[in-house]
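Here is the structure we will look at, set down as structure tokens.
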Amino acid sequence: MILYKNVTIARGDNVLVRNMDLSVGEGEFVYLIGKVGAGKSSLLKTMYKDLDILEGEEAKIFDEYNLLALKSSQIPYLRRKVGIIFQDFQLLTDRSVEANLDFVLRATGWKNIAERRQRITEVLDLVDMVGCEKRMPNTLSGGEQQRIVIARALLNSPRLILADEPTGNLDFETGQRIVSLLYKICKEQHSTVIMSTHNLAFLNDFPGRVIHLTDNQLVEVGGTDEPDTIEDVIAGSTPDSLESLEGIPSDLLHAADDSNNAEAHC
Ligand code: ADP
């Protein structure tokens with residue numbers, strides 16, 4: 001699904017990741033961690049060609065799109081197959097939930113109104129937000145808005161979902177519900193999910209593979225075999241992986257008890 005070999009990513013003269021290798025298969029749930037500025041967003045952006053790779057031996061998405069030589073005419077087709085979720089929601093604030101979703105469907109070639117309506121209901125159902133069609137984004141809570149963003153990302157049934165700190169603006173409990181939703185989509189729809197996060201405590205409830213951007217390298221952290229707890233991950237780590245956990249503040253590994261915010265869906 002994703003194959004990067006010897007890839008280097010930079011912003012201007014600033015090399016962020018050097019000679020990285022990454023292979024991600026169908027249906028994997030992957031946490032991407034690293035300090036602020038390590039290059040997590042930049043790495044995700046290369047996957048939907050929002051940022052060009054500086055150099056590399058191979059960089060392919062779906063075995064079909066060669067990111068090192070992708071024609072600009074192909075970029076919309078690649079993006080249609082990738083669901084992108086940002087931290088800051090980015091819903092259009094001047095229109096309803098339904099109009100936000102319909103806008104994307106029309107922009108991606110859905111001509112039939114009845115089919116668009118049906119698809120909107122389907123994705124709202126997936127994120128447990130049926131009934132919210134007429135609501136304006138600013139009348140929804142942060143968690144609810146993020147559910148709509150996830151629904152929007154699911155419209156074209158993406159095989160790959162890239163979530164750039166989707167819980168960054170949410171309290172822990174609300175964030176946990178969002179991760180739970182992404183996890184469900186990964187397992188039930190067999191989509192691959194790559195999620196950058198500052199909070200590895202999610203790993204306790206939603207096991208996955210962990211990759212760490214540190215010192216301009218991409219390092220695989222711990223085992224990927226459905227660990228039960230973060231302790232299992234650390235216990236299963238090779239010495240190299242343990243080293244890679246250094247520098248990650250320990251509070252990232254524990255759930256913050258900072259919320260009583262309940263979400264009341266529509
Ligand atoms: P992270 O997601 O890990 O916080 P980013 O990929 O956002 O890291 O940023 C990595 C580095 O690239 C940072 O030093 C940041 O300042 C720089 N950077 C981010 N966006 C741009 C940009 N549009 N132009 C130039 N440099 C940028």
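For ligands, and for the atoms within them, numbers begin at 1 and follow the listed sequence.
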Heavy-atom nearest neighbour in the protein, as seen from [atom], with distance rounded to 0.1 Å:
atom                    : answer
atom 22 (C) of ligand 1 : R11 NH1, 3.5 Å
atom 9 (O) of ligand 1  : S42 OG, 4.0 Å
atom 8 (O) of ligand 1  : G39 N, 3.1 Å

Give the intermediate values and the outcome of side chain to side chain donor-acceptor pair (under 3.5 Å) for residues D205 and Q176. CA-CA 9 Å; D205 292 319; Q176 199 167 31; 2.5 Å; yes
| Does some side-chain heavy atom of P137 sit less than 4.5 Å from a side-chain heavy atom of L92? |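 The answer is no, as the side chains (C-beta and beyond) never meet within the 4.5 Å cut-off.
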Q. N/O of D164 under 3.5 Å from N/O of ligand 1, yes or no?
A.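 Between D164 and ligand 1, no N or O pair is found under 3.5 Å apart.
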Counting heavy atoms only, which part of L16 comes closer than 4.0 Å to ligand 1: side chain, backbone, both or neither?
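The answer is the side chain.
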If the contact criterion is a heavy-atom separation under 4.0 Å, does [X] count as touching ligand 1?
X   : answer
A38 : yes
K35 : yes
G37 : yes

> So, do Y77 and F62 have ring centers that fall under 6.0 Å from each other?
Replying inline: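 So the answer is no for these two rings.
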Practice prompt. Taking the six-membered ring for Trp and the full ring for Phe, Tyr or His, determine whether the centres of F206 and F29 are under 6.0 Å apart.
Written response: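 When the ring centroids of F206 and F29 are compared, they turn out to be at least 6.0 Å apart.
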Minimum-distance pair of heavy atoms, taken over all atoms of V17 and L218:
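The pair with the smallest heavy-atom distance is CG1-N, 4.1 Å.
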Do the side chains of K5 and D21 get close enough for a salt bridge, i.e. N-O under 4.0 angstrom?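 Result for this pair is no, no salt bridge flagged.
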Problem set entry | Protein heavy atom under 4.0 Å of atom 6 (O) of ligand 1 |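 So atom 6 (O) of ligand 1 has protein heavy-atom neighbours under 4.0 Å.
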Next on the checklist: Going by a strict under-4.0 Å cutoff (protein heavy atoms only), does atom 15 (C) of ligand 1 have a neighbour on the protein?
Outcome noted: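 Within 4.0 Å: no protein heavy atom nearby.
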Quiz item: By number and element, which atoms of ligand 1 are closer than 4.0 Å to a non-hydrogen atom of V36?
Solution: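 Here the atoms of ligand 1 in question are 4 (O).
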Which atoms of ligand 1 have any heavy atom of K40 under 4.0 Å away?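 The list of qualifying atoms is 1 (P), 2 (O), 3 (O), 4 (O), 6 (O), 8 (O).
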Quiz item: Does any donor atom in the side chain of K49 or Y65 lie under 3.5 Å from an acceptor atom in the other side chain?
Solution: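 Result is no, nothing qualifies.
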Handout entry: Expected output: side-chain R135 to main-chain T139 donor-acceptor under 3.5 Å
Key =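 It does hold such a pair.
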